[in-house]
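A short write-up of the structure that comes next.
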Amino acid sequence: MNVRRRTAAALAAIAVIGAAAAPAVAAGPSPSPSASPAPGLYGTADPQYDGVWRQSLALLAQDTAGVTPAPSAVDWLTGQQCADGAFAPYRADAAKKCDAKTPTDTNSTAAAVQALAALGGHGAAVESALNWLKSVQNKDGGWGYSPGGPSDANSTSVVIGALAATGTDPGTVRKGGESPYDALLTFALPCDDGDGAFAFQPGEDGKLTANADATAAGVLGALGKGLVTGPGKASGATCADPADPERAAANGAAYLAGAVAKDGYLTSALGGSAEQPDYGNTADAVVALAAQGGAERAAKPLAWLEKNGPKWAGQGGPAAWAQLVLAAHATGTDPRHFGGTDLVARLNATGPAPEPGRASVTVTAKAAESDEDSSGFGVWWFVGVCLVFGIGIGFLLSGRNRKRQP
């Protein structure tokens with residue numbers, strides 16, 4: 001989500017760890033939102049790798065907070081769609097027809113579907129995108145980041161979210177007799193070898209490795225939920241054999257709960273650096289824990305995010321602000337009073353002014369300038385994914401295909 005994820009949602013780097021570890025998000029004060037590289041786009045950074053993802057998360061987050069996005073922001077997103085229904089991370093010349101070289105992907109498309117379905121009034125665009133997603137479903141029932149690529153837990157989960165957001169039962173969308181839930185279960189580790197976590201995808205040796213980012217995505221996917229979700233029923237279930245999606249989701253939540261039990265956050269390491277707090281993945285974990293076991297189960301990482309998340313989001317840009325809004329929404333927390341920060345105002349300040357009349361909130365110019373709106377979250381997240389592909393393992397971006405460890 002943080003692609004998931006990322007997305008993906010969008011779902012940053014393999015880890016958007018913070019200013020010290022992500023130079024691209026540690027620049028000085030950003031230009032005003034009007035300096036965006038494209039009219040209507042949230043954020044001022046190069047959208048090449050995360051434009052559609054961060055735009056989708058921003059629109060979703062605004063919608064959950066009762067904000068009506070600016071028409072130009074919605075138009076920017078719909079204008080990115082290809083004629084076949086797919087979305088690429090970004091098309092600089094949206095008037096140019098997509099072709100075989102256009103890097104369309106499942107994560108961008110599924111995130112856009114969720115955003116446009118939530119906003120309403122875009123039935124044709126949503127249906128076209130869903131048809132494209134169904135057309136590139138793999139024979140194991142899942143999806144990879146790129147059409148035809150091997151299925152992974154993050155991509156499969158964000159597409160499940162798109163199906164669910166449009167009223168489609170993911171279990172009925174099959175290829176070769178297999179459903180997305182069947183694919184997800186192949187990434188679920190047994191309790192005695194992985195503590196019930198999800199893997200991103202099998203390694204070259206066919207073995208599964210526990211991955212916190214994939215687990216957060218997998219929990220939502222197994223529950224049939226998208227990037228936007230509310231608190232589930234209280235549950236303290238421990239790990240048991242993942243015989244069905246619901247059980248796999250409970251296992252994954254138990255794994256995440258254990259991973260954040262000590263410090264309240266997940267960690268990751270970029271390159272050879274030491275492990276540091278992973279803000280984006282922690283936000284994803286909050287959403288997953290709340291969705292599976294209720295707000296109380298996410299209380300500790302939520303409290304950590306309330307204290308530390310706003311500073312990170314000020315450096316990460318619109319997708320990071322959106323992730324915090326979605327984490328607040330999942331736990332029933334007021335995003336306008338999140339550890340003393342109005343997340344909605346901060347998010348609104350990164351793009352065109354919302355429509356008045358609902359709960360649109362503006363932020364002072366001084367406050368807006370304090371946010372280093374580089375959108376480095378999405379860019380570095382994608383760079384991390386490219387690195388993962390480069391070593392043969394296979395973003396999101398929520399988004400979310402970042403390979404992370406707790």
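Worth saying up front: this structure is predicted, and the values here are computed from it rather than measured.
Tyr255 and Ala212 get closest at one heavy-atom pair: CE2-CA, 4.3 Å. The minimum heavy-atom distance between Ala298 and Thr331, with the atom names listed, is CB-CG2, 4.1 Å. Considering every non-hydrogen atom in both Pro245 and Leu185, the closest pair reads N-CD2, 4.1 Å. Counting all heavy atoms, side chain and backbone alike, Arg54 lies closest to Ala319 at CB-CB, 3.8 Å. Of all heavy-atom pairs spanning Arg346 and Thr341, the tightest one is CG-CG2, 4.1 Å. Of all non-hydrogen atoms in Gly264 and Trp304, the two that sit nearest each other are O-CB, 3.6 Å.
You'll find the side chain of Asp195 stays beyond 4.5 Å of the side chain of Leu189, heavy atoms only. Using a 4.5 Å heavy-atom threshold, the side chains of Leu256 and Gln292 count as separate. The closest side-chain heavy-atom distance from Val159 to Pro180 is not below 4.5 Å. Residues Tyr181 and Ile160 have side chains in contact (heavy-atom distance under 4.5 Å, counting atoms from C-beta outward). You'll find the side chain of Val228 reaches within 4.5 Å of the side chain of His329, heavy atoms only. The closest side-chain heavy-atom distance from Trp132 to Thr106 is below 4.5 Å. Within the 4.5 Å cutoff, the side chain of Leu57 has no heavy atoms near those of the Trp321 side chain. Residues Cys239 and Asn251 have side chains in contact (heavy-atom distance under 4.5 Å, counting atoms from C-beta outward).
We find the NZ-CG distance between Lys225 and Leu220 to be 8.5 Å, quoted to the nearest 0.5 Å. Distance CZ/Phe87 to CD/Gln81: 4.0 Å, rounded to 0.5 Å. In this structure, the separation between CG on Leu163 and CG on Leu133 is 7.0 Å, given to the nearest 0.5 Å. The distance from the CG atom of Leu60 to the CG atom of Leu119 is 7.0 Å, given to the nearest 0.5 Å. Distance check: Phe187 CZ to Asp152 CG gives 6.5 Å after rounding to the nearest 0.5 Å. Rounding to the nearest 0.5 Å places CD of Gln137 at 9.5 Å from CZ of Arg174.
Between the side chain of Lys307 and the backbone N or O of Gly339, no donor-acceptor pair lies under 3.5 Å. The backbone N or O of Trp143 lies less than 3.5 Å from a partner atom in the side chain of Thr156, making a donor-acceptor pair. In terms of modelled atom types and a separation under 3.5 Å, the side chain of Asn138 and the main chain of Gly149 share a donor-acceptor contact. For the pair Thr350 (side chain) and Leu347 (backbone), a donor-acceptor distance under 3.5 Å is present. No side-chain donor-acceptor contact under 3.5 Å links Ser128 to the backbone of Ala124. Of the possible donor and acceptor atoms, none in the side chain of Thr168 sits under 3.5 Å from a partner among the backbone N and O of Ala164. Between the side chain of Arg91 and the main chain of Gln80, a donor-acceptor pair closer than 3.5 Å is present. Panel note: side chain Asp50, backbone Pro89; no donor-acceptor pair is recorded below 3.5 Å. Although no hydrogens or angles enter the test, the distance criterion places a donor-acceptor pair under 3.5 Å between the side chain of Gln114 and the main chain of Leu227. Side chain of Thr104 to backbone of Ala88: no donor-acceptor contact under 3.5 angstrom is found.
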*Step by step, work out the side chain to side chain contact (heavy atoms under 4.5 Å, CB included) result for Phe338 and Leu305.*
CA-CA 9 Å; Phe338 192 83; Leu305 276 181; 4.1 Å; yes
*In sequence, state the C-alpha distance, the side-chain angles, and the governing distance for Asn107 and Asn154, and then conclude on side-chain hydrogen bond (donor to acceptor under 3.5 Å, both in side chains).*
CA-CA 8 Å; Asn107 288 234; Asn154 295 57; over 6 Å; no
*Between Ser157 and Leu184, does a side chain to side chain contact (heavy atoms under 4.5 Å, CB included) hold up when you go through it step by step?*
CA-CA 8 Å; Ser157 295; Leu184 266 187; 3.6 Å; yes
*Which is it for Asp182 and Ser179 under the side-chain hydrogen bond (donor to acceptor under 3.5 Å, both in side chains) test, yes or no, and what are the steps along the way?*
CA-CA 5 Å; Asp182 294 322; Ser179 78; 3.3 Å; yes
*With side chain to side chain contact (heavy atoms under 4.5 Å, CB included) as the test, would you mind laying out the steps for Cys98 and Asp84 before giving the verdict?*
CA-CA 9 Å; Cys98 300; Asp84 65 359; 5.8 Å; no
*asked:* Applying side chain to side chain contact (heavy atoms under 4.5 Å, CB included) to Thr166 and Leu130, what does each step give before you reach the verdict?
replied: CA-CA 9 Å; Thr166 57; Leu130 283 179; 3.3 Å; yes
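Other residues, nucleotides and ligands contribute only 12 or fewer heavy atoms inside 6.0 Å of the CD atom of Glu246. Heavy atoms of other residues, nucleotides or ligands lying less than 6.0 angstrom from CG of Asp241 number 12 at most. Heavy atoms from other residues, nucleotides or ligands lying under 6.0 Å from NZ of Lys300 number more than 12. The neighbour count for Glu306 CD, taken as heavy atoms of other residues, nucleotides or ligands under 6.0 Å away, is above 12.
Using a 30° and 60° split on the angle between ring planes, Tyr279 and Trp312 fall in the parallel class, below 30°.
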